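In what follows, residues are counted from 1 in the order of the sequence shown. Order of appearance sets the numbers: ligands from 1, and atoms from 1 within every ligand. Source: prediction; values computed, not measured.
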Amino acid sequence: MKKFPEQFMIGAATAAHQVEGNNVNSDFWIMENVPYSIYKEPSLDAVDHYNRFKEDIQLLADAGCNTYRFSIEWARIEPEKGKFDKKEIDHYKEVLEFCQEKNVTPMVTLHHFSSPKWLIIEGGWESEKTIEYFSKYAEYVVSELGELIPFICTINEANMGRQIAKIRKRYEDNASKKKSENKGKNTDVQVGINLDMQDQMEKYNRALGEAFEMDPRHLKTFLAAQTEKGEHIVMCSHERARQAIKRINPEIKVGITFSLYDHQALPGGEESVKKEQYEDFLEFLPYLHEDDFLGVQNYSRKIHGPEGVIKLEDARLTKMGYEYYPEALAGVLRFVDSHWKKPIIVTENGVSTDNDEERIEFIERALNGLHQCIEDGINVIGYTHWSLLDNFEWQLGYEQRFGLIAVDRKTQKRYPKASLSYLGEIKKSGV
Ligand code: BGC
């Protein structure tokens, strides 16, 4: 057994919109509910984590885990521009106090993809105003709850908008060539997003325009294809929020998270790897100098040949359609370590599968790799598995299963899986 250091954090992660339910003032709620929605289904009650968080955190703690990463929902805290809802702050206060009671270290994400509807009407993630709005929201949360929060991730997967822009462009370039081949599974994008519904898009966009009462071309949600300017806005929002947090409570450790593939080169693929590593991560480094930690999120790898990314024939696939390859985590940590010496937290890593034995195998292989990284001196201080619960996988709905706990959404009854105890055992005795 290889034991992790005593203070090493092990637990699981969720995001408010994916688990809480009834996030009615958010942009996603609208996108899911308009006619011709490209979402497989709406989130509705989700898994009712808003009301059942105690049961869920209790299950995590009982299994032996000591860390919970979750997000605070901006659309709940500030449902209307400038109007902060104390009742919602009190809700998250209860969540944080419960973590404390159970000796579970909370890690709070301030923005995990969903935004208040009003923010999008104001110009969303391509508008300079968002920098100010986001730092005001961060300031409010920390002035109310700061004492209870040791770690804050300002923004989840700050690089996702640019990745989506790249993939969408590639997709559109190919669309006319191989329209029929592209139907069905879209295996390029890591998160649950449908890029193959062009036919429906026009009607959907019109409906969105009506719902937001604006020109749909100007709808800039967090997961919309992002411009370079948008990327700068996201990163400045992070910097300004970090400054606001530190002004109020310098003790809080502040970081941001990135979605990172393990890019591997076949002979001739080295340049392609370098390009993607730069676009995924290295170009963001100038904004991160004053951060306390970096959140690394990894799900798979990409293999590059002289022509760019190639698909392996016969690769073992996850339910999401991309490769099942737990060793990617260690690959990414080694790459990050060559550019970043401050603490790293693995804020997400996991697999969508209906077979929990595959999840256990995934955790074992990924954490073996992580343990080796620590032995080699890489400064990793925690790991939160994605996800605590089976949940709403964005445009792909509830069919995907990333959870350590299954939920019957008719009764909202929880069924902890063997993988949850397995993860807890690793915290107690090692991998
Ligand atoms: C996101 C999660 C998502 C997970 C699995 C991550 O990119 O942060 O919200 O559910 O991937 O696709």
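Those atoms of ligand 1 that come under 4.0 Å of a heavy atom in E157, given as number and element, are 1 (C), 6 (C), 7 (O), 8 (O). Within the listing of ligand 1, atoms 5 (C), 12 (O) sit less than 4.0 angstrom from a heavy atom of F402. Interface of Q297 with ligand 1, defined as ligand atoms under 4.0 Å from a residue heavy atom, comprises 8 (O). Residue-ligand proximity, H112 to ligand 1, at heavy-atom distances under 4.0 Å covers atoms 1 (C), 2 (C), 8 (O), 9 (O).
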Residue pair Y92, I77: steps toward the side-chain contact (heavy atoms from CB on, under 4.5 Å) verdict: CA-CA 10 Å; Y92 290 109; I77 301 293; 3.8 Å; yes
Worked verdict on E94 versus F53 for side-chain contact (heavy atoms from CB on, under 4.5 Å): CA-CA 10 Å; E94 262 188 71; F53 68 88; 3.8 Å; yes
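Of the heavy atoms in E348, only side-chain atoms (C-beta onward) come closer than 4.0 Å to ligand 1. Under 4.0 Å from ligand 1, the heavy atoms of N156 that appear belong solely to its side chain.
The 12-atom threshold is exceeded at CZ of R316, counting heavy atoms of other residues, nucleotides or ligands nearer than 6.0 Å.
The distance criterion of under 3.5 Å between nitrogen or oxygen atoms is met by W394 with respect to ligand 1. At a 3.5 angstrom cut-off on N or O pairs, E393 counts as close to ligand 1.
A cation-pi arrangement, defined by a distance under 6.0 Å to the six-membered ring centre and an angle within 45 degrees of its axis, is present between K413 and Y415.
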